[in-house]
Amino acid sequence: MSKKFLLLIFGCLFCFFSITGCKRISTKNETKKELILASFTVLADIIQNIANNDDFEVKSITKPGIEVHGYKPTPSDLINASEAFVFIDNGFGFEIWSEKFVSNLKIQRKTIADDLQPIFITEDSYKGKPNPHAWISPKRGILYVDIIVKSLSELRPSQKGLFEKNGETYKQKLSKIDQDFSLFINNLEKDKRYLVSCEGAFSYLANDYGLNEVYLWPVNAESQITPKRMARTISLVKKKNVPAVFCESTVSNESQMVVVNETGTKFGGNLYVDSLSSDNGPANSYLEMLKHNLEIIKRGLE
Ligand SMILES: [Zn+2]
């Protein structure tokens, strides 16, 4: 092999690496991640699983553990929102604040509830209004995935393949949890199928899997327990011999402990609905949240 030829090879390799090296630096500067903003942590996590590549970043306005219904957006929330290309919220009146929040922003908005069939609240001042907590049922969670895949594909058609592929993988995981819920409840004696919670946030779960839902107040935004409802809950827990009652992670257990003390039933634990837990908590993703809820309900009612 001649010296000239070797020099030529080294020269070419040098060129190649300097070009690819430069290219890498320049793409790094060019590709700024596009921001997708969600109203709450559960929704942000579902979106993160669908828009899961280097082109997108997903943030939630409300942080883990925060009460979402009556949240008050901060100035930094508005700054975050102005950098996003889309704001995705749940709707059905869940985020009381989101209408006003987006009204001053030049931003696309997608509301999941626009494509969902609601279950209506039947009592108190919320009578006739849709119950917002549809994601609490894994069956509806699968619908959330379809809605988000479709919306993001319309907004960013070049990434349609990615959204669809990720959506399918994610839906398989949800289907497994859906089957676990069905199996558990089908094996539970009929007279034990009572889910007693603080907020009436489990209507979709109760409806989809055949549970009777009992709660202390219909929606967090108005967590006023009337003496009538308290008396009714206590009487039902006694009459049906309900083995455990539950509350939610974003509210105080205090009122449910009154039911526990009055009836002698046990407190089954906190369920997660409106917000995920922090990273080291038991519900740090939507899938973990559903699994945790199933586990807590199982432990309480079996
Ligand atoms: Zn709620």
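Keep in mind that the numbers below use all heavy atoms, side chains included, and drop hydrogens, waters and symmetry copies. In what follows, residues are counted from 1 in the order of the sequence shown. Here the structure is a predicted model, which is why all the values come from computation and not from measurement. As the structure lists them, so they are numbered: ligands from 1, and atoms in each ligand from 1.
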The Zn ion (ligand 1) - name of the N/O/S atom of His133 that sits closest to it: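 Going by distance to the Zn ion (ligand 1), the closest N, O or S atom in His133 is NE2.
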
Asp274: its N/O/S atom lying closest to the Zn ion (ligand 1) (atom name):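 Output for this pair reads OD2.
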
Donor-acceptor under 3.5 Å (Tyr204 side chain, Asn131 main chain):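 Yes.
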
Qualifying ring pair (Phe, Tyr, Trp, His ring centres under 6.0 Å) pairs, either residue in residues 238-279, two or more places apart: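 Those involving residues 238-279 are Tyr272-His292.
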
Pairs meeting criterion ring pair (Phe, Tyr, Trp, His ring centres under 6.0 Å) with involvement of residues 153-193, two or more places apart: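 Those involving residues 153-193 are Phe56-Phe163, Phe181-Tyr209.
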
Output field: ring centroids Phe94/Phe40 closer than 6.0 Å: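 Distance test on ring centres: under 6.0 Å, yes.
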
Glu248 N/O/S atom closer than 2.8 Å to the Zn ion (ligand 1):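 Within the cut-off used here (under 2.8 Å), Glu248 places no N, O or S atom near the Zn ion (ligand 1).
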
Geometry at the Zn ion (ligand 1) - Glu199 OE2 versus His69 NE2 angle, rounded to 10 degrees: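 The two atoms subtend 90° at the Zn ion (ligand 1).
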
